[in-house]
**Q** 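Okay, here's the structure, questions in a sec.
Both counts, for ligands and for their atoms, begin at 1 and track the order of listing. Just the heavy atoms: all of them, side chains too, but no hydrogens, waters or symmetry mates, feed the values below.
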Amino acid sequence: MADAASQRAKVAIFISGSGTNMAALLYASLLDDSAYEVVLVASNKADAGGLEIAAAEGVETFVHSHKGHSREAHDAAMEDALIESGAQYLVLAGYMRILSDEFVRRWEGRILNIHPSLLPKYKGLDTYARAIAAGDSHAGASVHVVTPELDAGEVLAQARVAIREGETPETLAGRVKFAEHQLYPRAVADYVSRGLNPDYLLGRVSELALALPETHSRESHGAPGFRVGSEKAGKFFAYFSDRHHGSEHIALLVKTSGMDEMLGLIEAQPDVYFKPAFYGASGWIGLILNRADVDWTHVEEWLMRSWRSVAPARITKLQDAADMF
Ligand code: GAR
């Protein structure tokens, strides 16, 4: 197994301003056991304060002014630097440019942003003044996934900051920054390592398995399982295995057509498949989930196939009819 350092997720950070969140992210990444490393700090402003901090720590920096360029041309230059750095994730830390929809789609699910409000409240600008004017008891910051719609992607984590008597936007902003510096490194670390988190993986598997017709979950020998048919007479079509029976894998077990197919698949793609203890003997294959770049469409196809192989004809016929439309 590779050591922890070589498994760190590679993160690029885009900034426009003082870069204090970038600094918090960077120094957190230098602690032992950090889940990520910073491979690039890039800015649309040559005087962004964080560039020097990053350079002092030996992190590559890149500047490309947006002035005189179309959004697309500027984005393309920033994206080239991003790709060149080998980053797997892009973290926006006070990057005051809206990325083009195409850019965001190409990096779907891999861009995070921090926004100084308790989203969904106060998207956009002047968040502190708006929270004070509304008489809110708390302001705060949210880390969210970036989608083409501004400040609207899934909120991953929030920090709350009490609004005091006589608060001004400036005094509030100062304290929200402290909170941001605690929140962002943790939220980024959790996000980049969620592919190794059994709760996250089970959540995704459950969502796909239970979207199939007439399914329910049922534990089997201490592991979550998924069945098709009635509660009484249903049959298992998948199991979720969190390093069961001494295995190093978090995996989904599904049914193949038999031993020949199973062994063939494992030989061809040993990074994807393995033969699980006990279940392997009857043709169940393990699909490894705690690895980089799991193809969730592939997982879904296996669930569907396994479901079909045990579902009563009454249900698969209904599904065939539905598939025709
Ligand atoms: C942060 O407070 C961040 O929440 C905000 O810019 C500041 C950047 O500060 N971001 C936005 O308003 C995005 N819409 P920093 O440069 O010191 O990290």
**Q** Show the atom names and distances, to 0.1 Å, of all donor-acceptor pairs under 3.5 Å that link a side chain in residues 90-105 to residues at least two apart or in another chain.
**A**
unit_1	atom_1	unit_2	atom_2	d
Ser100	OG	Asp75	OD2	2.9
Ser100	OG	Phe103	N	3.4

**Q** Side chains of Leu156 and Asp190: does their closest heavy-atom pair fall under 4.5 Å?
**A** no

**Q** Between His115 and Thr127, do the side chains contain an N or O donor and an N or O acceptor separated by less than 3.5 Å?
**A** no

**Q** Does Arg227 make a cation-pi contact with Phe236 (under 6.0 Å, within 45 degrees of the axis)?
**A** yes

**Q** Under a 3.5 Å cutoff, is there a donor and acceptor pairing between the side chains of Glu37 and Ser29?
**A** no

**Q** Is the distance between the ring centroids of Tyr36 and Tyr89 under 6.0 Å?
**A** no

**Q** Contact residues of ligand 1 with a heavy-atom cut-off of under 4.0 Å?
**A** Gly17, Ser18, Gly19, Thr20, Asn21, Gly94, Met96, Ile114, His115, Pro116, Tyr128, Lys177, Glu180

